[in-house]
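Below is one structure, written out as structure tokens; the observations come after it.
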Amino acid sequence: MNIENILLDSIKNAIQDLYDTAIESQQVQLQKTNKEFEGNITLVVFPLMRITKKKPEESAEEIGNWLLKNDTHITRFNVVKGFLNLVLSEKLWLEAFNEVIQTPNYGFNSHSTGKTYMVEYASPNTNKPLHLGHLRNIFLGYSVAEILKANGHYVVKTQIINDRGIHICKSMLAWQMFGNGETPESSGLKGDHLIGKYYVKFDKEYKKEIAELIATGQTSEEAEQNAPMMLAARAMLLKWEAKDPEIYALWQKMNGWVYDGFESTYQTMGVDFDKLYYESDTYIYGKDVVEEGLQKGQFYQKEDGSIWCDLSSEKLDDKLLLRSDGTSVYMTQDIGTAIERFKDYPSLSGLIYTVGNEQNHHFKVLFSILKKLGHSWAEECYHLSYGMVELPEGKMKSREGTVVDADDLMASVIDDAREMTKERGQIDSLSENEKEDLYSTIGLGGLKYYLLKVEPKSKMLFDPKESIDLNGNTGPFIQYAFARIQSILRNCEKLPANVVTEISINNYEIELMQHILDYGQVISKAGKEYSPALIANYIYDLVKMYNSFYQSVSILKEENDDVRLFRISLSKKVGEIVQSGMLLLGVNVPNRM
RNA sequence: GGCUCAGUAGUUCAACUGGAUAGAAUGGCAGAUUUCGGCUCUGUUGGUUGGGGGUUCGACUCCCUCCUGGGUCACCA
């Protein structure tokens, strides 16, 4: 049962009857009634003025009277300017609510769309540990994958690991020169942190060398090119490409350390992947596709032999795909990798790339080229572009050491949660293990929620103090509401399958039910717009409404049996939605805290 | 310079894609209750939506033009 659809039909009938005109559903504008007026749903009559040929107030009055007479669901109405505010019967709300509590997986699309999407996120370089920017990326990608599943799609979660190139060689070289055989075991450092340490070391020594060369009279560009460290790193890259056994073994060993480190970070984060791609495999992809495109006339060749794609029809500059020496560029591999993924997963409908907004242009070009190559699925590729995370003191800069490390940050929010929960929590009955789980549920929940509640595409400010705050629009605030509901459910009698629909209910309850009825639409919209923020804000509103309701009535002590059971059922349903919605964000909710 | 995205209470974010007097949170101030878990709730304070013009019943939203700040535009990865 969809209340808006019921109203829609009634309104169409009203227009037919009153003005002898058939109208389309799109011409009927319904919205929630503003708080300051009485009513649940409001019809905006301005767009209908052409049909009624009367003043807005008059038209609204006429339609309102017709509805009152002919639709038993409408109990009252009032008109404010061009807005017709309708009050629906309590019974209608309760009937709709009964339907909600009988629907399994309420809000989720229960029948499969048959479509499969691949969501790519994380995609780190293997020369340093993850940082705050990765956290936003990974939480976003993971959440969008969950939201797509809730919409009935199949999802393959993936990442492409940038495991080759000059940056790795820098770490390898520094380790060879200064490492004395240090390992994660011998140093006690996480593998990714160990490698990161040598990447920094490289940079330091390299700068020293540059300074020395400049002192001998070289320009800074010359010095950057000629510094022995850089020459050695380049030489190492060439050896790697030639699969030199010694270098290759070193590369495998050091990457192995990094993967172990990443794995442990992902585990703490609570995210996973279905399929991994490595750049050391994928960097060769794409060349043949480009050659083939040239044959078919989709691309063109310049006199020097370089191959280009003409994108003037898309109002984009032409894009280089193969250099004159025949080597490939980033775009080449991205084209090849996309096509390869469709070979690996023939049922794929589209790809979602979770990548920062500095690559907006890159993906625009990528999708245009894929379309030009005749891949219809290019239409369903999407760049999930997100804004930079900034700190109160400005941007994160690795050179200035202001990068917030992912492992450190997570450990610190969990510590904070421990402190606060010890002071205020009601957790004496929990075992030590359960307590530790709880601290990470709260700490990480706060962090994830904080990073996801902002619209992905806008840049955001990260204030460490605020991220695990307990008040306001925060994860722990929502978790607390859930824990309180669970406390009620522990102390109540068994609930019947249905709620009695002849009881009298108040505005808090109607507002809550109305909001609950929106859940499915919110999930669907969040899926279409790839926006976890919509889910976060929806849950927050739900919890605020519930808290007001909780404060204003008594639930377990209500004497009327039917009303009490209704209020408990309502609480239970709110709890379930909070839990399922938060899980879409990758956030757990605790039974006690 | 070309293209592109953004600019909303002191601060951090919303605004159902053109709808009512632009909403929350936080901060400040003033209250509630001793309960079904106070990590709660209710008031109040705070805005020329960067400036200016236009489109219409109606603009944060669409168009034009300035101002400010990002990003991007490599035979770099």
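Throughout, a chain's letter reflects where its sequence line sits, starting with A, and its residues are numbered from 1.
- Applying the 4.0 Å criterion to OP1 and OP2 of G71(B), one finds that K395(A) has a side-chain N or O inside that range.
- Taking atom CZ of residue F462(A) and atom C1' of nucleotide C13(B), one finds them 16 Å apart after rounding to whole Å.
- Between N473(A) and R164(A), the residue whose closest nucleotide on RNA chain B is further toward the 5' end is N473(A).
- Base engagement by I555(A) is indicated by at least one non-hydrogen atom pair under 4.0 Å involving a base atom.
- At least one side-chain nitrogen or oxygen of N471(A) sits closer than 4.0 Å to the OP1 or OP2 atom of U40(B).
- Atom OH of Y480(A) is separated from atom P of C36(B) by 12 Å (rounded to the nearest Å).
- Rounded to a whole angstrom, the distance from the P atom of G7(B) to that of G18(B) is 16 Å.
- Within the 4.0 angstrom heavy-atom criterion, no nucleotide atom of any strand lies near Q479(A).
- Among the atoms of the strands shown, base atoms are found under 4.0 Å from some heavy atom of N85(A).
- Between Y353(A) and F363(A), the angle of the ring planes lies from 30° to 60°, which puts this pair in the tilted group.
- Looking at heavy-atom distances under 4.0 Å, F477(A) makes contact with sugar-phosphate atoms alone, never a base.
- Y450(A) has its OH atom 11 Å from the C1' atom of U26(B), to the nearest Å.
- The same atom, C1', is picked in U65(B) and in U72(B); the two are 24 Å apart, to the nearest Å.
- Y330(A) qualifies as a stacking partner of the A77(B) base, centre to centre under 5.5 Å and near-parallel within 30°.
- With RNA chain B read from its 5' end, the first of the two nearest nucleotides for P456(A) and I488(A) is the one closest to P456(A).
- Using a 30° and 60° split on the angle between ring planes, H515(A) and Y538(A) fall in the parallel class, below 30°.
- Atom CG of D317(A) and atom P of C3(B) are 11 Å apart (whole Å).
- An OP1 or OP2 oxygen of U42(B) is reached within less than 4.0 angstrom by a side-chain nitrogen or oxygen of S548(A).
- Residue-nucleotide stacking is present for F83(A) and A20(B), judged by a side-chain ring centre under 5.5 Å from the six-membered base ring centre and planes under 30° apart.
- Using a 4.0 Å heavy-atom cutoff across all strands shown, M49(A) reaches no nucleic acid atom at all.
- Counting non-hydrogen atoms under 4.0 angstrom, E455(A) reaches the backbone sugars and phosphates but no base.
- For U34(B) and A20(B), the P atoms lie 39 Å apart once the distance is rounded to whole Å.
- Taking the six-membered ring wherever Trp is involved, the centroid distance between the rings of Y449(A) and F477(A) does not fall below 6.0 Å.
- Using a 4.0 Å heavy-atom distance criterion, E314(A) is classed as making no nucleic acid contact.
- Contact annotation for V80(A): base contact, defined as any heavy-atom pair under 4.0 Å involving a base atom.
- Between the side chains of D469(A) and T474(A), no donor-acceptor pair of N or O atoms lies under 3.5 Å.
- For the P atoms, the distance from A22(B) to U48(B) is 12 Å, rounded to whole Å.
- Residue ring and nucleobase are stacked for F37(A) and A20(B), with a centre distance beneath 5.5 angstrom and an angle between planes beneath 30°.
- In this model, the phosphate group of C76(B) is approached by a side-chain N or O of R323(A) to a distance below 4.0 Å at OP1 or OP2.
- When the C1' atom is used for both C60(B) and U8(B), the distance is 7 Å, rounded to whole Å.
- Taking atom C1' on both G23(B) and C66(B), the two are 30 Å apart, rounded to the nearest angstrom.
- Note on K319(A): nothing from the nucleic acid sits closer than 4.0 angstrom, heavy atoms only.
- Using a cut-off of 4.0 Å between Lys/Arg side-chain N and Asp/Glu carboxylate O, K364(A) and E314(A) are scored as not salt-bridged.
- The same atom, C1', is picked in A24(B) and in C16(B); the two are 16 Å apart, to the nearest Å.
- Side-chain nitrogen and oxygen atoms of N547(A) include at least one within less than 4.0 Å of the OP1 or OP2 phosphate oxygen of C41(B).
- Here A483(A) lies in heavy-atom contact (under 4.0 Å) with a base.
- For U17(B), the glycosidic angle deviates from 0 by 90° or less, giving a syn base.
- At the heavy-atom level, T327(A) lies nowhere under 4.0 Å from the strands shown.
- Residues Y382(A) and F367(A) keep their aromatic ring centres 6.0 Å or farther apart.
- Stacking between F46(A) and G19(B) is present: the aromatic ring centre lies within less than 5.5 angstrom of the base six-membered ring centre, and the two planes differ by under 30 degrees.
- Across all strands shown, V522(A) has no heavy atoms under 4.0 Å from either base or sugar-phosphate atoms.
- Residue N591(A) is classed as a base contact, given a heavy-atom separation below 4.0 Å to a base.
- Within the 4.0 angstrom heavy-atom criterion, only backbone atoms of the sugar-phosphate kind lie near E358(A); the bases stay farther away.
- Remark: R136(A) is not positioned above the aromatic ring of Y386(A), lacking an NZ or CZ atom under 6.0 angstrom from the ring centre and at most 45 degrees off the axis.
- Between the P atom of C36(B) and the CZ atom of R564(A) lies a distance of 14 Å, rounded to the nearest Å.
- Checked against the 6.0 Å centroid criterion, the rings of Y546(A) and F549(A) qualify as a close aromatic pair.
- On a pure distance criterion of 3.5 Å, a polar donor-acceptor pair joins the side chain of T42(A) and the base of A20(B).
- A25(B) sits 16 Å from U42(B) when the C1' atoms are compared, rounded to a whole Å.
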